[in-house]
Amino acid sequence: MSMADELLRVSGLDAGYGKVQALWGAGLTVRPRETVVLLGPNGAGKTTLIKTIMGLLPSWGGTIGFEDHDVSRERTDKRVRRGIAYMSETACFPDLSVDDNLHIGGQFLPPAELKQHIAGLYRRFPILEEKRRALGSSLSGGQRKILGVAKALAGQPKLLVMDEPSAGLSPVFVKEVIQVLRQFRDLGLALLIAEQNVKFLDLADRVYTLEGGRIGFEGTVEEMHADAALERAYFGLKKA
Ligand SMILES: Nc1ncnc2c1ncn2[C@@H]1O[C@H](COP(=O)(O)OP(=O)(O)OP(=O)(O)O)[C@@H](O)[C@H]1O
């Protein structure tokens with residue numbers, strides 16, 4: 001497959017902390033309009049992989065391509081300008097207002113365009129408009145994630161990369177966040193979601209599993225269900 005068919009192509013990525021390697025030759029791709037879920041248990045290396053893709057951690061080896069560019073050595077802000085938005089586990093800046101969060105998310109857009117775009121986000125998320133002057137920290141857990149998604153979208157990205165959007169959320173809010181993501185997925189936004197919560201597989205066109213810093217399985221959700229060992233490990237339903 002040529003690069004033109006892919007938005008993001010990660011290959012042979014190694015990364016870690018000090019002398020401790022946490023990621024071993026990880027590779028994945030995300031195509032335009034595609035939703036890819038990176039599924040793995042605690043400590044598997046999901047955060048390490050996502051942060052390395054964003055340039056928040058240096059890669060030790062391997063390449064990260066976005067559209068036709070090798071972004072492996074680019075600074076984070078350059079990657080964001082190219083159209084990769086990032087949502088961390090904390091999702092938004094708690095010490096800033098809702099409105100400031102949205103302006104930071106869209107800081108690379110021309111001001112007039114950003115203003116119009118933020119007005120559109122307020123129409124889509126009335127709860128954020130109602131609380132536009134409130135601090136992120138005053139929002140409920142679910143509202144913070146909605147703000148995080150809106151903040152990431154404020155920059156009009158081509159790809160939204162998310163680190164555990166379910167973190168700290170009760171099942172009701174997990175459902176709500178999935179519904180919001182589904183709306184944007186349906187509008188054609190590509191998503192890369194690192195998760196341990198299998199509920200997010202409802203959104204997935206393709207899945208990668210990450211275990212011990214290495215990519216294991218790659219395929220569709222159906223293919224995953226068809227594999228007895230994966231079924232046991234991730235869904236815990238079938239016996240061997
Ligand atoms: N700052 C750090 N210094 C040293 N080792 C780290 C550091 N952060 C993470 N690690 C180690 O790297 C490995 C991968 O961690 P990582 O946080 O990427 O996993 P994860 O899949 O995101 O887990 P979680 O679901 O808990 O966020 C783990 O063994 C972890 O202990």
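One-based numbering, in listed order, for ligands and for the atoms of each. The basis for the numbers below is simple: all heavy atoms, side chains too, and nothing from hydrogens, waters or symmetry mates. It should be emphasised that the depicted structure is a prediction, and the values quoted were computed from it without experimental measurement.
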Checklist entry - Is Lys78 positioned over the aromatic face of Phe108, cation under 6.0 angstrom from the ring centre and no more than 45 degrees off axis? => result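 Not satisfied by the 6.0 Å and 45° rule.
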Item to check | Ser166: which of Glu195, Lys199, Gln196 passes side chain to side chain donor-acceptor pair (under 3.5 Å) | outcome: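 The side chain to side chain donor-acceptor pair (under 3.5 Å) with Ser166 is passed solely by Glu195 among Glu195, Lys199, Gln196.
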Checklist entry - Considering only heavy atoms, which protein residues lie less than 4.0 Å from any atom of ligand 1? => result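 Near ligand 1, by chain and number: Tyr17, Ala22, Pro41, Asn42, Gly43, Ala44, Gly45, Lys46, Thr47, Thr48, Glu89, Glu164, Gln196.
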Next on the checklist: Counting only heavy atoms from other residues, nucleotides and ligands, does the tally under 6.0 Å from CZ of Arg82 exceed 12?
Outcome noted: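 Enclosed.
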Please list every donor-acceptor pair under 3.5 Å in which a side-chain atom of residues 48-58 meets a protein atom from a residue at least two apart or in another chain.
from, atom 1, to, atom 2, distance (Å)
Thr48, OG1, Tyr17, OH, 2.7
Thr52, OG1, Thr48, O, 2.6

Checklist entry - Looking only at side chains, do Ser88 and Asp163 share a donor and an acceptor under 3.5 Å apart? => result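 No - no donor-acceptor pair under 3.5 Å links their side chains.
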Next on the checklist: Quick one about Thr35 and Arg206 (side-chain donor to acceptor, distance below 3.5 Å, no hydrogens or angles considered), yes or no?
Outcome noted: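 Note: Arg206 and Thr35 side chains miss the donor-acceptor criterion.
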